Amino acid sequence: MKHLIIGGVAGGATAAARIRRIDEHAEIVILEKGKYISYANCGLPYYIGGTINDRSRLFLQTPESFGNRFEVNVKIEHEAVRINPSQKTVTVRNNKGEFYDESYDKLLLSPGAAPIRPKIEGIDLEGVFSLRNVPDTDNIKNYVTQHKIKKAVVIGAGFIGLEMAENLYHLGAQVYIVEKLPQVMAPIDFSMAQLVHQHLADKGVQLHINDSVVKLAKSENGILSYLDSGKIIEADMVILSIGVRPEINFIKDSPIKIGETGGIWVNEYLETSAPDIYAVGDAIEFPHPITGKPWLNYLANPANRQGRLVADNMVFGNKEIYEGSIGTSIAKVFDITVASTGLPAKKLQEMEIPFHSSWTHSGSHAGYYPGATQISLKLTFDPQTGRIFGAQGVGYDGVDKRIDQIALLIKLQKTIFDLMLVEHTYAPPFSSAKDPISIAGYVANNIFHNKMPIITWREMANANPEEVFIIDVRTKEEYEMGNINGAVNIPVDEIRLRLDEIPQNKKIYVHCAIGLRGYLALKILKQHGFDHVFNLSGGYKTYAAATTNFENRENPIFKKAEEANDFQVSVTDKKKFIQIDACGLQCPGPIMKLKKGIDEAQTGDQILISSTDAGFARDVESWCKTTNHILISNSSEKGIYNAVIEKSGVKNKADYSVVPEKGKTFIMFSDDLDKALATFILANGAAATGEKVTMFFTFWGLNVIKKEHKPKVTKSFMDKMFSMMLPSNSLKLKLSKLSMFGIGDRIMRRLMKQKGISSLESLREQALESGVEFIACQMSMDMIGVKESELIDGVSIGGVATYMERADRANVNLFI
Ligand code: FAD
């Protein structure tokens, strides 16, 4: 029996090895159009970034070693160009460019998928790459070795795009990601992707979502990427990673059926519509085990499994049935792990399959054992039967094992009740007595049985204050560090004493940080006669992540590892080096621990504080600025945020404030045209004298810095209402007096023009050009629904801490 296999990597090589193991006498021929077989394509990005530094380790086998061990005739640089099922032959172009026909008894197609190269201008420029195989890798590696890559654009934020982003970052590049969808990583839901966006922003990766590259062009210093939004990014190289499609051109003229998704149609034995021709891997479509609809699934595990299974069918006849893949996948994105299995909510919605979702955030292991970090899990399940549809996980440690366990349950068609049956190994360094999977099961169970009615973060964002009363049951300190617009703070321990503050005639939305205290509050309220109480699933953590704009952030919190390590040299023997472990504590716990440590330290002592609270990295930066202690380094590794702070010469709290420098700060609260004009004139005057000027735009003042031409943004109902009622940009501002339904405003603008006085827009431009810092108030933006992309370029987003720090340094502070 002669087995002919097209494609010698994941599916093809696996099948060849298996055929040999079960049939010592078969003739096996592999046709591979490239030079390499059985290599680790999943490792290619890490070789480019230098994590894998020995190129030879990418090759699991050479054509010779594979051929010898399995007695396979490996024909590299042999491309199959046509299949001739009636003659049982394949037409091949060999390495000399000659054509010949290769016969078979059984044929296996495992040609994989090729990167999509859109027809945009400049796609073939030098410095523009896509990554699929070893030659692509060698090209990219040579390029990054020969050129100093300071900036790199990655187009497309799937798994490979994000892996490339991380590896280029490690090579020292400022990375820009451009993604057409509203999120990175299509297989997960938006709220979970926002956790990834947050991490990317913290690392200083600039994210441009809802945007696409429409043209590439050479510039003097590199390559210009022209974005649909009008932005232009100049970089030293561009990686295209916008997806792949089955590489099946060579079978197009054959009678082999192509399915509705564009993959090769196969039956449950992985046999194509043509007898004795089988197909596996990225090139096939197969019914999804949950939806029953055909889909394409570009993953290595299914390709390998199919390769083994199909070998048995090729040798023994069609006996082994393939059950289908649910798309279990995982990626490392800098320090975090992102994994998913089954169907996310958005897919279920698209397919009109009813479902429930639940979000939980649990410790990767016991909180009291050092190094515990948070795992965020989202489940989707059938509201009628409890069958698990899908799971997504984001975290630092242990995400893989949780998603793997749930993946098995999904494949076995199990339910959320089975999550509680999972008996997991437990000791403090590995898990908790209640594992994240058990907790997800308990929560889903409560939702299923309506013991805990929930609302999603979207429902919370769209809550109508006329109908809903929002209670934040976290502590006062947590509330003050950030809260949901309109939420009233009644900590869970006070709720029984403050029942009279809660209206009886409204729906009540409770929430805490992650959901647990919200659940307790809900139970208390229900038993005190409040009928319509709902808990925010995933708590403030999910809400805050899902509703924040992480796009196009200018300032990374963390320095690159090599820069962060510089601080080590400044730690001398004379200073005391104190370590504080604040891991497992939620905000504001770590800052309070730090304050205590600083109070007890001597001037010059350095404190290394470790925290697992993701907000800590920003908090510590602001805290050091306002207290005048020196932030020596701020870094993160595997979910642990480490900051080194040196105690400065201040003796007591009163001395913490910094000596004012010469500078001016303006709080632009109003959006009156005349007041805005006066403010910019003052700001420009101050900037002209060389002073540091900061303008903080809050509430209606945000209208002064709105773009005239805004990109499309998704907004909640309330945010849309606000946008409709407020001036859409500075040209629509009105005078505080004599506006006369807009007539006065127009007269004023005309008079200014006649008298040669700069318009508000050019005064604003001048201010930016002379280095005036524009800060938009994050809280006000959230409140009146203004998105970052609606603001003019050059505005940074900040909170009160940022403003206070600037005001501390100024000697004049004006509120307009
Ligand atoms: P491939 O392994 O791609 O093999 C197909 C082979 O067929 C190729 O060598 C090709 O040259 C050859 N071929 C094509 N047409 C012809 C022809 N006409 N004649 C002869 N030969 C032909 N998956 C994961 O699950 N996890 C990961 O982390 C991951 N990382 C990845 C990183 C990169 C950079 C890439 C490119 C892929 C990654 N994948 C990952 C996907 C995974 O590699 C694929 O799903 C898997 O290799 C598919 O196996 P396959 O046999 O279908 O195709």
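Numbering of ligands and ligand atoms starts at 1, following listing order. Computed from a predicted structure; not experimentally measured.
Close contacts of ligand 1 with Ser110, meaning ligand atoms under 4.0 Å from a residue heavy atom, involve 4 (O), 5 (C), 6 (C), 7 (O), 50 (P), 51 (O), 52 (O).
For the pair Glu32 and ligand 1, the shortest N or O to N or O distance falls below 3.5 Å. At a 3.5 angstrom cut-off on N or O pairs, Tyr39 does not count as close to ligand 1. Residue Ala283 has no N or O atom closer than 3.5 Å to an N or O atom of ligand 1. In terms of N/O distances under 3.5 Å, ligand 1 is not approached by Leu44. Among the atoms of Ala80, some N or O lies under 3.5 angstrom from an N or O of ligand 1. By the 3.5 Å distance cut-off applied to N or O atoms, Ala10 is counted among the residues near ligand 1.
Using bins of under 30°, 30° to 60° and over 60° for the plane-to-plane angle, the ring pair Phe190/His197 lands in the perpendicular bin.
Considering only non-hydrogen atoms, atom 47 (O) of ligand 1 lies nearest to Asn41 out of Asn41, Ile76, Leu109, Asn133. In the candidate list Ile248, Val90, Thr14, Asp282, Asp282 is nearest to atom 52 (O) of ligand 1, counting heavy atoms. Taking each of Gly12, Cys42, Pro115, Ala279 in turn, the one with a heavy atom nearest to atom 38 (C) of ligand 1 proves to be Cys42. Comparing Glu247, Glu77, His78, Lys33 by heavy-atom distance to atom 16 (C) of ligand 1, the nearest is Lys33.
Between the side chains of Glu271 and Asn313, not a single donor N or O lies within less than 3.5 Å of an accepting N or O. A donor-acceptor pair shorter than 3.5 Å can be found between the side chains of Tyr100 and Glu102. For the residue pair Asp101 and Gln87, no side-chain donor N or O sits within less than 3.5 Å of a side-chain acceptor on the partner. For the 3.5 Å distance criterion, the side chains of Asn41 and Tyr36 fail to qualify, holding no donor opposite an acceptor.
Around the NZ atom of Lys347, the shell of radius 6.0 Å holds no more than 12 heavy atoms that belong to other residues, nucleotides or ligands. The number of heavy atoms from other shown groups lying within 6.0 Å of NZ (Lys180) does not exceed 12.
At the top of the distance list for atom 15 (N) of ligand 1, counting protein heavy atoms only, stands Pro111 CB, 3.6 Å. Among protein heavy atoms, the minimum distance from atom 3 (O) of ligand 1 is reached at Arg132 NH2, 3.3 Å.
Stacking of Lys106 on the aromatic ring of Tyr278 is not recorded, the 6.0 Å distance cut-off and the 45° axial limit not both being met.
Contacts between Ile160 and ligand 1, counted as non-hydrogen atom pairs separated by less than 4.0 Å, involve the side chain only. With a 4.0 Å cut-off on non-hydrogen atoms, Phe250 touches ligand 1 through its side chain and not its backbone.
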